[in-house]
Amino acid sequence: MLSGTWLSGSLAALWYIVNRIDTTRVEFTIPLRENWALPFFAVQIAGISYFLRPGLTPLKMRLSLLVVFISTFTFSLTWQFNQFVLLIQGLAFFALDCLDLIPGNKVRSLYMTQAASLVLVCVLQFFNTMILGSLLLSFIMAAVVAQKLQKNYKSGLLTRRIWNLCVHVAIVLSLTAIINMCVKKILNLQSDEHIFKFIQAKMGFKTRDFDANLYLCEEPFQLLPYDTLGRLADSFLLYPYAIVLFFLIIVTAITVFYNLSNPSSTKKMNPQQQTRIVRADIAYNLMHSILFGCLAISTMRMKYLWTSHMCVLASFGLASMDVWGTILRLLRLYTPQRTSALQYCASLLAVVTVLYKFWPRIAEEISELREFYDPDTVQLMNWIKTNTPKYAVFAGSMQLLAGVKLCTGRILTNHPHYEDKDLRDRTKQVYQIYAKRSPEDVHSILRSFGTDYVILEDSICYERRHGRGCRLRDLLDINNGNCEKRRAPAISAAETETLVR
């Protein structure tokens, strides 16, 4: 859609497949909420890109906005982290609006679409108040109010314009913080406080908070490993992406400087007269890639929001008439025939090269027949179904209890939904079975939740995956203030079950 040729889309799909280790988690972790959400997010990005095209008829604008609304709604409904992803997207709209790269009326339409989607999700999730206290809704309200209060922030010459923009950004950020604090105070919301504690810990602030350290110690929430870039380079994706990104940043910076220096002429300029390479849809995808790239580098878990878009931007650059035309004009070699030839030759060469290198590996992987194999877990689930009452209550780790609920239907003490403060506190209490606590304390805690059975896991008791200080039992002791005390004598699973009974 960005380049105007199906060849670009085919190349993007091919890159997505050969880099699937870094573009999706479906292959090794199937039942994740984000695996259901990200396809809707891809549709939403396509809808936004089409909506931002210049010269659309009112009917096409309404239809594309409807696609954006439906895809945003379904994305938000299926992933609890939606508000943070959409907040970054909203910041991209805001930045492009301030730099005159997107029409202001379209930005407001996208704001309203995001807000309407979240409100509808809130209603369908039995009035989930966490959504009402999200930073995204506060930011949208602040951005709209600031535009009404500061109508002429895009007027004036360069220095005046930059000053107005700085004031505008300060007003929006301040209003966002004030609105968000007021909403959370009125509704008494604490559902997402663990996210902000994690961000503080990520920025280097030391904390004893259990939830923040639990995230920070997990590999997916650490910095993007260097070997990821090595794999992307090995598939010939990283180099064209970096070149296209650098080229678009330079051209966009020139366009922004012209817009800020000539505000009056920019308003009178016909969209067709502007540099075609920095159309609104391309500018959005550029900003999207930059922001989500920064997110992926800081938190590996979020790389799937960036790497899939790398395939799009790199394939667009190789197959774009605008990109090749601009390059040939700079070299004084431009003719329509040369531009078209380079467009198709570069794309075909990339497709053939990737296929030649990866087809044997893909064919070998397709020939493999894999199946689920975890006899210990299967034995546990069968034992629970045959040896425990139907309404027995089980305590244990969040991950294992999710399987217990799914396979046996038994009642759980702590559900693996971490975006709820009461559930987080309950989980931390249940996890005291691994902390330096006396058997009597642990028994009292478990009975307060009506627990009948406790599942102790060797993988947690004798954990070696994390270093000292990041093991679950260490995190609990640090949070409890017992990190220096002598560990209480360990008790066996049979003794624990006897205590619980």
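Looking only at side-chain heavy atoms (C-beta outward), I48 and L52 come within less than 4.5 Å of each other. You'll find the side chain of L65 reaches within 4.5 Å of the side chain of T113, heavy atoms only. Looking at K154 and N164, their side chains never come closer than 4.5 Å, going by heavy atoms from C-beta outward. Taking the side chain as every heavy atom from C-beta outward, D100 and L260 never approach each other to under 4.5 Å. Between I290 and L245 there is a side-chain heavy-atom pair separated by less than 4.5 Å.
Within 6.0 Å of CE on M398 lie more than 12 heavy atoms contributed by other residues, nucleotides or ligands. With a 6.0 Å radius and a threshold of 12 heavy atoms from other residues, nucleotides or ligands, I21 has its CD1 atom at or below the threshold. The number of heavy atoms from other shown groups lying within 6.0 Å of NZ (K60) does not exceed 12. Within a 6.0 Å sphere centred on CD of E219, other residues, nucleotides and ligands contribute 12 heavy atoms or fewer. Counting non-hydrogen atoms of other residues, nucleotides and ligands closer than 6.0 Å to OH of Y334 gives a total above 12.
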Exercise for the section: Under the side chain to side chain contact (heavy atoms under 4.5 Å, CB included) rule, what do L472 and L214 come out as? Steps first, then yes or no, please. Expected result: CA-CA 8 Å; L472 179 61; L214 186 64; 4.1 Å; yes
Practice task
Begin with the C-alpha distance, continue with both residues' side-chain angles, and end with the deciding distance and a verdict on side chain to side chain donor-acceptor pair (under 3.5 Å) for S49 and N285.
Solution key: CA-CA 7 Å; S49 300; N285 280 274; 2.9 Å; yes
Exercise for the section: Walk me through it: do Y111 and Q147 pass the test side chain to side chain donor-acceptor pair (under 3.5 Å)? Expected result: CA-CA 13 Å; Y111 282 157; Q147 283 183 343; 5.7 Å; no
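Classified by interplanar angle (parallel below 30°, tilted 30° to 60°, perpendicular above 60°), the ring pair F41/H288 is tilted. In this pair, W79 and F81 present their aromatic rings perpendicular. The plane angle is above 60°, beyond the 30 to 60° band.
In summary, R108 and D97 do not engage in a salt bridge, as defined by a charged side-chain N under 4.0 Å from a carboxylate O.
In this structure a side-chain-to-backbone donor-acceptor pair under 3.5 Å is present from T78 to F75. One N or O on the side chain of T74 and one on the backbone of S71 form a donor-acceptor pair closer than 3.5 Å. Formation of a donor-acceptor pair under 3.5 Å by the T228 side chain with backbone atoms of L224 is not found in this model. With T129 contributing its side chain and L132 its backbone, the two residues share no donor-acceptor pair below 3.5 Å. For S134 (side chain) and M130 (main-chain N/O), no donor-acceptor pair under 3.5 Å exists by modelled atom type. A donor-acceptor pair under 3.5 Å is absent between the side-chain atoms of S8 and the main chain of G4, judged by distance alone. The backbone N or O of V312 sits less than 3.5 Å from a side-chain atom of S315, completing a donor-acceptor pair. Not one N or O on the side chain of T299 forms a donor-acceptor pair closer than 3.5 Å with the backbone of R301. Proximity of a side-chain donor or acceptor of S340 to a complementary backbone N or O of P336 within less than 3.5 Å is not detected. Panel note: side chain R53, backbone D281; no donor-acceptor pair is recorded below 3.5 Å.
Less than 6.0 angstrom separates the ring centroid of F94 from the ring centroid of H168.
Cation-pi contact between K106 and F51: present, with separation from the ring centre below 6.0 Å and deviation from the ring axis of at most 45°.
The two residues I140 and M112 make their nearest non-hydrogen contact at CG2-CE, 3.9 Å.
Atom OG of S308 is separated from atom CD1 of I45 by 6.5 Å, given to the nearest 0.5 angstrom. Atoms CZ and CG, on F139 and L87 in that order, are 7.0 Å from each other to the nearest 0.5 Å. Taking OG1 from T176 and CE from M141, the interatomic distance works out to 10.0 Å, rounded to the nearest 0.5 Å.
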